[in-house]
Protein chains: 2
Amino acid sequence: MEKDLCLLKSLIHRYEVANFVVERGLHVKVKDLMPEELTVDQFKTLRFLRHNVNSTASELAQFFCVGKSSITAIITRLSDKGLLDRVPDDGDRRVIHLKLTEEGERISSLLEERVQNVLADLIEHFDEKEAIAFIETFEKLAKVVKAAL
Amino acid sequence: MEKDLCLLKSLIHRYEVANFVVERGLHVKVKDLMPEELTVDQFKTLRFLRHNVNSTASELAQFFCVGKSSITAIITRLSDKGLLDRVPDDGDRRVIHLKLTEEGERISSLLEERVQNVLADLIEHFDEKEAIAFIETFEKLAKVVKAAL
DNA sequence: ATCGAATAGTTCAACAATAGAATTAATGAG
DNA sequence: CTCATTAATTCTATTGTTGAACTATTCGAT
């Protein structure tokens, strides 16, 4: 009991430390990849829209766990930059679909590739077996986290 | 070659997805634990100062990978709330040490415990062996990320 | 010992992200 | 038809962030 509790606390602390370093470090590395005119959050929005065609502001808000007014702000900035268009739905005139422009597609896919290259460089420090085991546990964790929301 | 590249890309994609869910989900869960008057970033600053007594603004800036003016802003807010004090160094009058007040200590340790409880609930979904293997790889990753900055 | 470079911290202006309340417009259920 | 609901926007305020300019202090090379 005593020992288990101690182990648990130790694991939690180690997780907190490692998580902080990875999160902060990756954020900085991704930020360095961004062109002058794009923030990391804006890139993540473009990336989501590239892989979820015809999404709406509400879907983005749910995915990113923020209020809809945040999404309005961010898509307005992206629209002003000419990276996406607001396309009204034919059936329900309340809903607005978000569609990347050609330039939005281009820049998003370019940046996605760059980010993947950064991650590839990191993953190559691990042997295949360890990487797979890690990601499998990570996915379980993601599932547990999602369920706990 | 072809197969390895494909595996790598698949692993990267799985990592990106899982990482997003975990990061966003944990942020929301931690935010829910915060009292009215404290943001998550402010809590993280208090937590750092509790475990790194006598730190300075420069050390905080380096740790959080942000500019010093961001740190000035955040510690001014925490100081205004009475959660920390600026204590000038005796030797070098340029440096200001940051010291939690009693209330800062109290609230930080309280919140730290709550956050750890959230993490404990998550970790208990995994058997000991898997959790340890996961965290060991995670720490390796943190080391690689840190080295790549 | 002094003068210029470097360092620690702050200030200021600008911008991005966010929350939350109020608003508009359209849909849907009784 | 009316009223509640839904999708999106607007507006205000706050927080975090950057980068440049600034103050005060210390350090180092001559």
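Sequence lines set the chain letters: A, B, ... in the order given, protein chains first and strands last, and positions in each chain run from 1.
- For A:Glu16, the side-chain contact (heavy atoms from CB on, under 4.5 Å) partners at least two apart in sequence or on another chain are A:Ile12, A:His13, B:Arg47, B:Val115, B:Gln116, B:Leu119.
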Show the distances under 3.5 angstrom between N or O atoms of the protein and N or O atoms of nucleotides 4-8 of chain D.
unit_1	atom_1	unit_2	atom_2	d
D:dT6	O2	A:Arg94	NH1	2.8
D:dA8	OP1	A:Ile96	N	3.1
D:dA8	OP1	A:Ile96	O	3.3
D:dA8	OP2	A:Ser58	N	2.9
D:dA8	OP2	A:Ser58	OG	2.4
D:dA8	N7	A:Lys68	NZ	3.3

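- Among residue pairs with one or both ends in residues 111-126 of chain B, those qualifying as salt bridge (Lys or Arg N to Asp or Glu O under 4.0 Å) are B:Arg50-B:Glu112; sequence neighbours excluded.
- The structure places OG of A:Ser55 at 12.5 Å from NZ of A:Lys99, a figure rounded to the nearest 0.5 Å.
- Contacts of B:Asp89 classified as side-chain hydrogen bond (donor to acceptor under 3.5 Å, both in side chains), with partners at least two apart in sequence or in another chain: B:His97.
- Residues satisfying the side-chain contact (heavy atoms from CB on, under 4.5 Å) test with B:Asp127, not counting sequence neighbours, are B:Lys129, B:Glu130.
- Separating the CD atom of B:Glu36 from the C1' atom of D:dT15 is a distance of 14 Å, rounded to the nearest angstrom.
- Evaluation of the side-chain contact (heavy atoms from CB on, under 4.5 Å) rule for A:Pro35 yields A:Glu37, A:Leu38, A:Ile107, A:Leu111 as partners, not counting sequence neighbours.
- Within residues 46-54 of chain B, no residue has any heavy atom closer than 4.0 Å to DNA chain D.
- The line from OG1 of B:Thr45 to CD1 of B:Ile74 is 3.5 Å long, rounded to the nearest 0.5 Å.
- Under the ring-ring contact (aromatic ring centres under 6.0 Å, His included) criterion, B:Phe138 pairs with A:Tyr15, A:Phe134, B:Phe134, not counting sequence neighbours.
- The stretch residues 66-80 of chain A participates, sequence neighbours left out, in these side chain to side chain donor-acceptor pair (under 3.5 Å) pairs: A:Thr76-A:Arg86.
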Could you go over nucleotides 12-18 of chain C and give all protein N or O partners under 3.5 Å, atom names and distances?
unit_1	atom_1	unit_2	atom_2	d
C:dA17	OP1	A:Thr39	OG1	2.5
C:dA17	OP2	A:Gln42	NE2	3.3
C:dA17	OP2	A:Arg77	NH1	2.8

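- Under the side-chain contact (heavy atoms from CB on, under 4.5 Å) criterion, B:Thr39 pairs with B:Asp41, B:Gln42, sequence neighbours left out.
- Rounded to a whole Å, the CG atom of B:Leu60 is 13 Å from the P atom of C:dA8.
- Rounded to whole angstrom, the span from the CZ atom of B:Phe63 across to the P atom of D:dT17 amounts to 13 Å.
- Note: CG (A:Asp32) to C1' (D:dT18) measures 14 Å, nearest angstrom.
- The distance from atom CD of B:Gln62 to atom P of D:dT17 is 16 Å, rounded to the nearest whole Å.
- Evaluation of the ring-ring contact (aromatic ring centres under 6.0 Å, His included) rule for A:Phe63 yields A:Phe48, B:Phe20 as partners, not counting sequence neighbours.
- Between A:Arg93 atom CZ and D:dT9 atom C1' the separation is 17 Å, expressed in whole Å.
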